[in-house]
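Numbers restart at 1 for each chain; the letters A, B, ... are given by sequence-line order, proteins then strands.
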2 protein chains.
Amino acid sequence: MQLDTAFAALADPTRRAILARLAKGEATVMELAKPFAVTQPAISRHLKVLEGAGLIERRIAGTTRPCRLSAAGLAPLEAWLDQIRRTMSANYDRLDDVLAAMNDERKGDRT
Amino acid sequence: MQLDTAFAALADPTRRAILARLAKGEATVMELAKPFAVTQPAISRHLKVLEGAGLIERRIAGTTRPCRLSAAGLAPLEAWLDQIRRTMSANYDRLDDVLAAMNDERKGDRT
DNA sequence: TTGTTATATAAGGTTTGCCTTATATAAGGA
DNA sequence: TCCTTATATAAGGCAAACCTTATATAACAA
């Protein structure tokens with residue numbers, strides 16, 4: 001699923017740092033690699049993962065391939081988190097009703 | 001890092017489904033295992049991962065250990081996503097300035 | 001105590017992920 | 001054409017992540 005690859009992509013600190021850098025604007029592979037203690041092929045691999053997750057996009061400019069963050073890529077993640085939050089608060093809102101029902105029943109509760 | 005384990009935890013569809021279920025309220029291990037085609041030990045492992053990521057909490061009730069979602073656990077993820085979004089839009093807001101500067105310079109641009 | 005239910009842990013195997021070095025490709029410049 | 005720079009891919013190795021079956025623990029019930 002899309003969520004699988006996107007969340008998995010964000011699980012790596014190097015990839016999160018790359019995204020954080022790209023949030024400030026486009027950058028080439030070399031520019032992205034510079035701050036890290038890993039080799040260029042490793043960064044290329046990370047970029048492939050990010051691209052596969054729909055989190056970045058790339059274009060060709062001469063011999064470089066600048067990357068930029070894909071705003072749309074984060075949307076599904078945020079939607080999923082929102083969904084959870086909404087469900088939680090919906091059930092939390094209903095808590096008063098539940099408590100009222102429990103008082104009505106007045107059964108012994110050993111838990 | 002906390003973000004590592006939390007995002008990694010969400011990368012698995014079974015674990016996301018467990019969280020979605022828990023958003024509706026507390027559930028025991030057996031209740032959580034029922035909808036899935038995996039064994040009980042597998043679910044126990046998933047729960048351990050979720051607990052380690054700070055996404056769920058558990059209590060002891062007789063022979064069962066009901067799980068509930070930890071609202072606080074999701075906060076760091078949302079904060080990270082928000083941070084990215086903020087940086088992006090901050091730079092997007094500045095785009096007008098950048099374009100203006102480019103017009104001022106009027107240099108040939110071969111990219 | 002003995003059995004039963006709920007859950008955890010151990011052991012073992014396969015897949016996946018990340019990294020490195022070495023090499024390939026592709027565009028640009030001399 | 002030949003060299004250089006930017007990036008990608010291949011190959012190989014090690015650690016981490018899943019899953020399964022088998023077994024341990026812990027509480028409750030008879």
Under 4.0 Å between a side-chain N/O of A:Arg58 and OP1 or OP2 of D:dA6, yes or no? no
Is B:Gln40 side chain donor-acceptor paired with the C:dA6 base, going by distance under 3.5 Å alone? no
Counting only side-chain nitrogens and oxygens, does A:Lys48 get under 4.0 Å of the OP1 or OP2 atom of D:dT7? no
Find the distance B:Ile56:CD1 to C:dT7:C1' and express it as a whole number of Å. 13 Å
Set out, line by line, the N/O atom pairs under 3.5 Å between protein and nucleotides 18-20 of chain C.
from	atom 1	to	atom 2	distance (Å)
C:dC18	OP1	A:Arg15	NH1	3.4
C:dC18	OP1	A:Arg15	NH2	2.8
C:dC18	OP2	A:Arg15	NH1	3.2
C:dC19	OP1	A:His46	NE2	3.4
C:dC19	OP2	A:His46	NE2	2.9
C:dC19	N4	A:Arg45	NH1	3.3
C:dT20	OP2	A:Thr39	N	3.3
C:dT20	OP2	A:Thr39	OG1	3.0

Does the side chain of A:Leu81 come within less than 4.5 Å of B:Leu74's, by heavy atoms? yes
Would you say that A:Leu77 contacts A:Leu10 through its side chain, given a criterion of any heavy-atom pair below 4.5 Å between the two side chains? yes
Return the value, rounded to whole Å, for the distance between atom CG of B:Leu47 and atom P of D:dC18. 13 Å
Grab the CZ-P distance between B:Arg59 and C:dT7 for me, whole Å please. 12 Å
Is there side-chain contact between B:Ser44 and B:Gln40, with heavy atoms separated by less than 4.5 Å? yes
Any B:Arg58 side-chain heavy atom under 4.5 Å of B:Arg68 side chain: no
Please examine the side chains of B:Phe36 and B:Ile18, heavy atoms only from C-beta on, and report whether any two atoms are closer than 4.5 Å. yes
B:Met30 CE to C:dA6 P, straight-line distance once rounded to whole Å: 5 Å
Taken to the nearest whole Å, CG/B:Leu50 to C1'/D:dA17 is 14 Å
Give the rounded distance in Å between these two atoms: NZ of B:Lys34 and P of C:dT5. 13 Å
What is the distance from CZ of B:Phe36 to P of D:dC19, rounded to the nearest Å? 11 Å
Are B:Ser44 and C:dA8 close enough that a side-chain N or O sits under 4.0 Å from OP1 or OP2? yes
Who are the side chain to side chain donor-acceptor pair (under 3.5 Å) partners of A:Glu51, not counting sequence neighbours? none
Spacing between B:Asp4 atom CG and C:dG17 atom P, to the nearest angstrom: 15 Å
With side chains defined as the heavy atoms from C-beta onward, is the minimum distance between A:Thr64 and A:Glu31 less than 4.5 Å? no
